[in-house]
There are 2 protein chains.
Amino acid sequence: MYYRTMVTLLPVIDAAACCAPLAREPLTQPQADDLARSLKALADPARLRLLSIIAASEGSEACVCDLTEPLNIGQPTVSHHLRVLTEAGFVTRSKRGTWAYYKLVPGALDALSRVLVSA
Amino acid sequence: MYYRTMVTLLPVIDAAACCAPLAREPLTQPQADDLARSLKALADPARLRLLSIIAASEGSEACVCDLTEPLNIGQPTVSHHLRVLTEAGFVTRSKRGTWAYYKLVPGALDALSRVLVSA
DNA sequence: CGACTATATCGATGGTTGTCAATGTACTAT
DNA sequence: ATAGTACATTGACAACCATCGATATAGTCG
């Protein structure tokens, strides 16, 4: 359905745009749920490493073939983590030929960063 | 032991001070582990609400008695979440009489925020 | 002392999650 | 067409986690 699509497209930015910084005023339950979902997507060592490799790559984009080797986990597990990051709105996927490229969503991390800042 | 004590005192700030922003260069495995541990402590709706209530309170400090009611969870669960936040270095506990007060650790959220920012 | 209050800890339980091996899909090249 | 490569999906399993009821600890007030 349409709403579901929107949610899966921009959840991080939605979660971050929803509200003032954490320290400004108490979060409502829905706000806390959204924010927790975004943070949970980030709260895994493998996903953090994947994201940092993608972000530090040329054009903030990396091929899966360059992501499978550096981490010490199997290829299906890498695929799983990339899916989680995609559904959370941190990266987007584009297929070119046989290869799949994952690209950082501009502003996604920044939006989350702004929610955590206290000032 | 001494090292363990240090780690449990300032883990968030350690994790954040360790390295350049996520997007600058790939995280090493230990860096990713530390950062994931901090994020995991935050990645729960109940803990986010607790933290936001504490942060928005007078002096960034709140009594447990004011934290048990607003959330719809039992008192032992609140106690559990406050322990997680404490061990992660986001808050500190001080007992005054019968009451326990939890206070935001200055700079803890900001340190984490800086790791996520892209610029 | 004994009753009461505030908070922490314990043990159990149901749900979630990271990981893998096996398999599926889709594209490429010979 | 056949084989090979790149990646995704499925199913299973073990580890982890949020929550609760029961109980323990510790402080306060009679």
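Not measured: the values here are computed from a predicted model. Lettering of chains follows the sequences in order, A, B, ..., and the numbering in each one begins at 1.
Separating the CZ atom in F90(B) from the CG atom in L82(B) is a distance of 13.5 Å, to the nearest 0.5 Å. Expressed to the nearest 0.5 Å, how far CG of L50(A) lies from NE2 of H81(A) amounts to 7.0 Å. R49(A) contributes atom CZ, which lies 7.0 Å from atom OG1 of T28(B) (distance to the nearest 0.5 angstrom).
Here the closest non-hydrogen pair linking V115(B) and L35(B) is CG1-CD2, 3.7 Å. Residue L71(B) comes nearest to A46(B) through the heavy atom pair CD2-O, 3.5 Å, listed as atom of the first residue, atom of the second, then distance.
Straight-line distance from the CZ atom of R37(B) to the C1' atom of dC16(D): 15 Å, rounded to whole Å. Remark: P of dA18(D) and NZ of K40(A) are 6 Å apart, rounded to the nearest angstrom.
Note on R96(B): every side-chain N or O is 4.0 Å or more away from OP1 and OP2 of dG27(D).
No donor-acceptor pair under 3.5 Å is formed between the side chain of S79(A) and the backbone N or O of Q75(A). Although no hydrogens or angles enter the test, the distance criterion places a donor-acceptor pair under 3.5 Å between the side chain of K40(A) and the main chain of A43(B). The backbone N or O of A41(B) lies less than 3.5 Å from a partner atom in the side chain of R47(B), making a donor-acceptor pair.
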Q. Does the side chain to side chain contact (heavy atoms under 4.5 Å, CB included) test come out yes or no for S52(B) and Q31(A), once each step is laid out?
A. CA-CA 11 Å; S52(B) 71; Q31(A) 287 172 342; over 6 Å; no
Q: List the steps, then state whether side chain to side chain contact (heavy atoms under 4.5 Å, CB included) holds for V84(A) with D44(A).
A: CA-CA 11 Å; V84(A) 172; D44(A) 178 271; over 6 Å; no
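The side-chain heavy atoms of L27(A) and L51(B), taken from C-beta on, include no pair separated by under 4.5 Å.
Note on Y102(B): only backbone sugar-phosphate atoms sit closer than 4.0 angstrom, heavy atoms only; bases stay farther off.
Comparing W99(A) and R93(B) by the nucleotide of DNA chain C whose heavy atom lies nearest to each, the residue mapping closer to the 5' end is R93(B).
Applying a 4.0 Å cut-off to non-hydrogen atoms, none of the residues of residues 47-55 of chain B approaches DNA chain C. Within a heavy-atom distance below 4.0 Å of DNA chain D, the residues of residues 61-84 of chain A found are C63(A), V64(A), C65(A), Q75(A), P76(A), S79(A), R83(A).
Here the range on DNA chain C touched by chain A, meaning any atom under 4.0 Å from one of its heavy atoms, is dT17(C) to dT28(C).
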